[in-house]
Amino acid sequence: MPELPEVETIRIGLSEHIIGQSIKHVDVLWPKTLNVEHVNDSVIGHAIRDIRRRAKVLIIDLDNGFSMLYHLKMTGQMVLVQAAGNRLAGGHPSPSMAANLPDKSTRVVFEFDSGDQLFFNDQRKFGWIQVVPTAKIDQHSLVRRLGPEPLTVDFTLEGFEAVIKRHPKAPIKAVILDQSTVSGIGNIYADESLHLSKIHPATRSGDLKPIQIKRLYEAIKTIIAAGIARGGTSFAHYVTALGGKGDYLDQARVFNQTGKPCPACGTPIEKIRVAGRGTHICPHCQKAPK
DNA sequence: CACTTGACCTGTCCGC
DNA sequence: TGCGGACAGGTCAAGT
């Protein structure tokens with residue numbers, strides 16, 4: 001499930017190859033993923049001017065004042081196949097990177113003048129692509145609700161404390177998964193951040209001491225930066241935009257490490273349920289709230 | 001209003 | 001082997 005570091009990795013990988021390319025044709029294989037009318041009106045025949053990211057949303061700016069917003073949700077992938085047939089960029093879960101595309105998970109195919117093809121694959125069909133005027137991205141229903149990103153200056157300790165005070169009864173994990181608190185964190189990085197700061201995910205936000213809030217604030221920044229530095233995770237549906245697996249999960253602290261020793265104390269990691277989500281904790285380092 | 005649960009989907013895994 | 005059901009988890013709508 002791509003979170004901020006994964007989307008950032010995809011952004012960097014795609015930028016190297018498709019900025020400047022002109023879109024010749026678009027095949028929409030699953031209409032709920034992308035509105036075909038918008039494609040015909042605003043996408044066909046236009047070149048890619050820039051590729052940006054806001055939290056988990058990938059933004060592809062075109063040369064006509066329109067942009068495409070991509071949300072990969074849990075199983076979305078973007079795979080670039082070069083005209084020569086060499087898959088240089090993208091992401092595909094198949095053990096063999098030579099698997100032919102499109103496959104049954106392919107929802108949209110973008111074809112460039114060069115012959116390069118960009119496949120939007122999404123097994124569970126939750127992901128979407130929307131075409132909006134570039135100047136109105138900030139007004140988009142999802143984008144407008146996004147809080148500060150972990151690594152930008154507008155994510156302040158004071159602001160984080162204020163949000164936490166506003167949700168005293170909610171488990172802290174639910175608060176940091178809320179994209180209006182801090183944007184770009186998903187289930188993996190939430191568990192990792194809480195473990196690094198030694199806070200039990202079910203702790204009610206109002207019960208956190210100031211020192212714990214500060215530790216969590218710092219841990220979020222550390223964990224997200226580490227994720228980006230390592231090129232995202234290698235979780236089930238994710239492969240980096242350069243075709244290799246990200247390797248963050250190879251050294252994940254707790255996520256998907258059930259039964260394995262806690263990196264801090266050796267106690268076996270447990271899997272529990274918090275805020276309706278599978279949640280991984282060290283029962284020794286992260287004491288359950290009373 | 002604060003907070004929780006279900007829906008959206010498909011594929012995989014587990015127990016019987 | 002087949003089958004039902006739980007589970008995976010981002011976001012929004014609906015429920016408590």
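Throughout, protein chains are lettered first and strands after them, A, B, ... in sequence-line order, and every chain is numbered starting at 1. Computed over heavy atoms, backbone and side chain alike; hydrogens, waters and symmetry mates excluded.
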Can you find an N or O donor on one side and an acceptor on the other, under 3.5 Å apart, linking the side chain of Arg124(A) with the base of dA8(C)?
->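 Answer yes: a donor N or O sits under 3.5 Å from an acceptor.
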Ring-on-base stacking between Phe126(A) and dT11(C), under 5.5 Å between centres and under 30° between planes: is it there?
->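 Stacking is absent between dT11(C) and Phe126(A), given that the ring centres and planes do not meet under 5.5 Å and under 30°.
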Closest-nucleotide ordering on DNA chain C, the 5'-leading residue of Lys271(A) and Leu146(A) |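 Whichever sits nearer the 5' end wins; that is Lys271(A).
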5'-most contact on DNA chain C: Trp128(A) or Gly278(A), nearest heavy atom basis?
->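 Residue closer to the 5' terminus by nearest nucleotide: Gly278(A).
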Taking the side chain of [X] as its heavy atoms from C-beta onward, which of [options] lies nearest to it?
| X | options | value |
| --- | --- | --- |
| Met74(A) | dG10(C), dC9(B), dT4(B) | dG10(C) |
| His71(A) | dT11(C), dC12(C), dG11(B) | dT11(C) |
| Gln179(A) | dG10(C), dG11(B), dT11(C) | dT11(C) |

Base, sugar-phosphate alone, or nothing: which one does Arg273(A) contact when heavy atoms must sit under 4.0 Å apart?
->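 If one applies the 4.0 Å heavy-atom cut-off, Arg273(A) turns out to touch the sugar-phosphate alone, with no base involved.
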[N] OP1/OP2 closer than 4.0 Å to side-chain N/O of [X]:
| X | N | value |
| --- | --- | --- |
| Lys125(A) | dT10(B) | yes |
| Lys169(A) | dT4(B) | no |
| Arg145(A) | dC12(C) | yes |

May I ask you to decide if Ala55(A)'s main-chain N or O and Glu149(A)'s side chain share a donor-acceptor pair within less than 3.5 Å?
->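 At least one qualifying donor-acceptor pair exists.
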Lys125(A) side chain to Lys32(A) main-chain N or O, any donor-acceptor pair under 3.5 Å?
->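 It does not hold such a pair.
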Side-chain ion pair, Glu8(A) and Arg53(A), N-O less than 4.0 Å =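 Judged by the 4.0 Å cut-off on N to carboxylate O distance, Glu8(A) and Arg53(A) do form a salt bridge.
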Who is the Watson-Crick or G-U wobble partner of dC9(B), with both distances under 3.5 Å?
->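 Paired with dC9(B), as far as the under-3.5 Å criterion goes, is no nucleotide at all.
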Could you please name the partner base of dG9(C), counting Watson-Crick and G-U wobble pairs only when both distances are under 3.5 Å?
->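 With both distances under 3.5 Å required, dG9(C) matches none.
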Is there a donor in the side chain of Lys173(A) and an acceptor in the side chain of Asn187(A), or the other way round, less than 3.5 Å apart?
->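 Yes, Asn187(A) and Lys173(A) have a side-chain donor paired with an acceptor closer than 3.5 Å.
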What interatomic distance, in whole Å, is found between P of dG6(B) and the corresponding atom of dA6(C)?
->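 Each nucleotide's P atom is 12 Å from the other's.
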What's the CG-P distance between Asp122(A) and dT11(C), to the nearest Å?
->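 Rounded to whole Å, this separation is 13 Å.
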Is the count of non-hydrogen atoms from other residues, nucleotides or ligands lying under 6.0 Å from Lys136(A) atom NZ greater than 12?
->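 Incorrect, the count does not exceed 12.
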